[in-house]
Amino acid sequence: MSVSPTVSRASGIRHLLLMAFRRPGLLAAVAFLLAVAIGTAWPQFLSAYDPIAADPLQAQLPPGAAHWFGTDQLGRDVFSRVVHGARYSILIGVSAVVIAAVVGSILGLFAGLARGVIDEAITRFLDVVSAFPDLLLALVLISFTGPGTVNLIFALGVASIPRFARVVRAQTFVIAESGYVEQAKTFGLTKAVLVLRHILPHAMAQVPILATIGLGTAIIGAAGLSFLGMGPQPPIPEWGAMLAEGRNYLRVAWWIGVWPGVAITLTVISVSVLGRHWQASFEGRRQG
Amino acid sequence: MNMLFRRYSLGLAAAFTAALFAAGAHAADTTPIAGGTLVWGVETDPATLNPQLNGQDKTKLLLRNTYESLLARTADGGYVPWLANEYRISDDGTTYTFTLRDGVTFTDGEKLDAAAIVTNFTRLKDAAYSGSASAGPVSRVADATALDAHTVELKLSEVYAPFLDFAASLEILSPKAFNSGQLKSGGPEIAGTGPFILKRYVKGQDIHFVKNPAYNWAPKTAAHQGPAYLDEITYRFLPESSVRTGALSSGQVDVIEGISGNDAGLFKDNPDFTYQNALNTGTPYSLFLNTTFGPTQDVKVRKALLAAVDVDAVLKSVYRGERTRAWGITSPIDSQFYDKSIEGTYGNDPKLANQLLDEAGWSGRDAAGFRVKDGKRLSVEIVQAQATVRDQRNVLLESVQAQARQSAGIDLTISYVDAGTYTDRRKSGQFGSIANSNTPTDAIDIENHYLPIDRGGSINYSRAAAPDLLAWLEAAASTLDTKERFTLYAKLQRFAILDQAYALPLYEPEDQIAAASYVKGINFRPFKQLPESAYDIWRSE
């Protein structure tokens, strides 16, 4: 009796090792995202300095033992700023995706079920929205609302609604026509039960995958708009804004701009790797 | 010993030969060669190309190629003939008479005559054309008349000491220009008399000038006479300082201006480049604190802010020692009116700052460490027009922001706004602080900032209206006695900075120019210190 947990743990570890051997990229991505998650939730665990405490006498110090990533133009610890910056970049990315996923799914489901004029109206509306590139649309929205964290989330969220709405609408079409829904109808289920229990869960199945992949795009979008000064305002340590601040120092203090750039790059790659892997397993493909 | 001597004499001979060669090369380098084109990377894209309406000092170096004024300044502040041969001020100080130079033509073919000058001054008085500029010094002109073809008389309503500085430097436009559709935006249709003709302007990209072959009326402050050396010059707008640095290092442009403190070293000690800088005149870059809105209405809060910041440390970290600290209401190089006794009399005293804030009732602290009173955070919003963010001022403001927070718990927020929002906020007075500098000389800068808003204080960002200010400024403007004016401005300086803390002066802006070593004749304007036009510039290869 006491043997089986050991065996299953051992096989679990073996499975992990096997996985790490076969998919080291995936494992690295997961590990990095875990670190980012810790940075997002408890940044003080990873960094010793206050990310906005400036010390003019310590400005532009190269990376070293005291400041792992060096200090920036105001003498702030770059490592602490990168760690604390995770919170803003991730928060903006995740919130924007949540807005897009929720609103997009509702619109898509509604269009898929209602059909006819309502479907036409929603679809055309989505066409109009997606006629603008995401970033451009977000820029336009921010020019109305003004810069800031909340406005940035809203703008990025709205800009990626069509992506979710389209997929959910198409899925809803397929599922509403499928045999088991037809079957369920013959049982005399009410429309509400039919939708909630049989159509919604299947129509939504792809949303988490889309969201994961979309998260990477949202983080890049957030960083890009922050770079342009549309996001969190100084001294908030947001990666895109830090990159913007560092760009004028590349010749003399590369570390100010490079580390936030590395953080953005690794996060987005990791999220994409995870999302693609998930998508592949969902579609029953196994990538070698 | 012998060996040593021989080595020494050999070295001497080598040095002598080298010196001879250098002298030869030097001679070749100092004889200007006409011809060629030049590309200059500049920071600021002009808001308008009409020099009378353009308040951006950084664009003067472009516009001065085409537009000239009545008199030029010498280094000691004197006036020498330019478009006018001579000037006279009546004994009562209210009538200014200018005699114009003969044979000057605008590049659109119009003649420069007294009527053209009258048109310029009278149109500038019209707010429909010039907006807020109409309330400036030109508003003092009661009457402008052409006495004959070459003589203009400007009658003032009362004595106004800075008037000559203004009238002498007003850029004169062709009378035809005032009927052009391009009048407000400026452009190739707006002709001047300068050594270059404005040919093309592409917003956000570049502005292109060609030589005016007929030009023959340079002031004697210029290094030569006759047409300019260069055939053509193009200024490319490169707003990013790192991009300008890269463009010059890689040879894409021949000259750049606006070099960050970090990059100065790349050109300073490099024989392939030249680097020169000059402090600006006028008001230092200062945080003007609004006396009619928010927490800065309380003089204790304003004084606390001045005490909280260690400006020296801030400047050192942001500019790596490449910028000059400012203390007063005008530039430290203003030889006429700057009273340097204010230096070192305030600032970098966190203890005082905290004591003042406690006294003012901002004694609580919130979770983020900022001071609070009645549940409200001690928050001062700095409003800065996006268009005037240059020279790493965003970094400077962030550094000041950090100091205010760390040493006194003051929350300075920084908002970069577009031109429209900026104008609205300025007009309505809904801001905590506006950060700005300007370059007018002869105390016009002081008037602009400290006269009441409705009495000519066009950029009175502290919105200060103490009766003393007006009294001192009026007294100073109505005498031509420079000594007395100095005393009055010195009094105002102590009142404005020490007693009332209307502004926190940060640094004196300066211009920097770096160029490839084959570009010769780059200079700063005497007295005004801004980069000079391309008139004297030539290429040695």
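Throughout, a chain's letter reflects where its sequence line sits, starting with A, and its residues are numbered from 1.
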Problem - pair A:Glu245-B:Asn394: side-chain heavy atoms closer than 4.5 Å - result: no
Practice task
Decide yes or no for A:Gln58 and B:Ser317: does some side-chain heavy atom of the first lie under 4.5 Å from some side-chain heavy atom of the second?
Solution key: no
Practice task
Give, as side chain, backbone, both or neither, the part of B:Gln406 having an atom under 4.5 angstrom from any heavy atom of chain A.
Solution key: side chain
Handout entry: B:Leu266 side chain near A:Val252 side chain, heavy-atom distance below 4.5 Å
Key = no
Completion exercise
Cut-off 4.5 Å, heavy atoms of chain B, and the answer for A:Ala253 is neither
Practice task
Measure the CG-CZ distance between B:Asp263 and A:Arg251 for me, rounded to the nearest 0.5 Å.
Solution key: 6.5 Å
Fill in the blank from the handout: If one checks every heavy atom of B:Ser249 against chain A at 4.5 Å, the contacting part turns out to be side chain
Handout entry: NZ/B:Lys316: more than 12 non-hydrogen atoms of other groups inside 6.0 Å
Key = no
Practice task
Mark yes when over 12 heavy atoms from residues, nucleotides or ligands other than A:Phe32 sit less than 6.0 Å from its CZ; otherwise mark no.
Solution key: yes
Exercise for the section: Would you kindly say whether A:Gln60 and B:Asn262 are connected by a side-chain donor-acceptor distance under 3.5 Å? Expected result: yes
Exercise for the section: Identify which part of B:Thr245 has an atom lying under 4.5 Å from any heavy atom of chain A, answering side chain, backbone, both or neither. Expected result: both
Handout entry: Interface moiety of A:Arg247 toward chain B, non-hydrogen atoms closer than 4.5 Å
Key = both
Handout entry: Heavy-atom neighbours of A:Trp254 CH2 exceed 12 at 6.0 Å
Key = yes
Exercise for the section: Report, as yes or no, whether the 6.0 Å neighbourhood of atom NZ on B:Lys427 holds more than 12 heavy atoms from other residues, nucleotides or ligands. Expected result: no
Problem - Any side-chain donor near an acceptor of the partner, B:Gln392 and A:Tyr249, under 3.5 Å - result: yes
Practice task
To the nearest 0.5 angstrom, please state how far the CZ atom of B:Arg405 sits from the CD1 atom of A:Ile52.
Solution key: 3.5 Å
Fill in the blank from the handout: Closest non-hydrogen contact found for B:Gln403 with A:Pro56 is NE2-CG, 3.6 Å
Exercise for the section: With a 4.5 angstrom heavy-atom cut-off, could you sort out which part of B:Asp418 is near chain A: side chain, backbone, both or neither? Expected result: neither
Practice task
Kindly determine whether A:Leu74 and B:Glu398 satisfy side chain to side chain contact (heavy atoms under 4.5 Å, CB included), including the steps that lead there.
Solution key: CA-CA 8 Å; A:Leu74 301 183; B:Glu398 269 191 66; 3.6 Å; yes
Problem - Per-residue contact mode, A:Asp72 against chain B (heavy atom under 4.5 angstrom) - result: neither
Practice task
Flag the pair A:Asn248 / B:Glu240 as yes when at least one side-chain heavy-atom distance between them is below 4.5 Å, and no otherwise.
Solution key: yes
Problem - Closest approach of A:Pro234 to B:Gln401 (non-hydrogen atoms, all atoms of both residues) - result: O-NE2, 3.4 Å
Problem - Interchain contact, A:Gln73 with chain B, by part (heavy-atom threshold 4.5 Å) - result: both
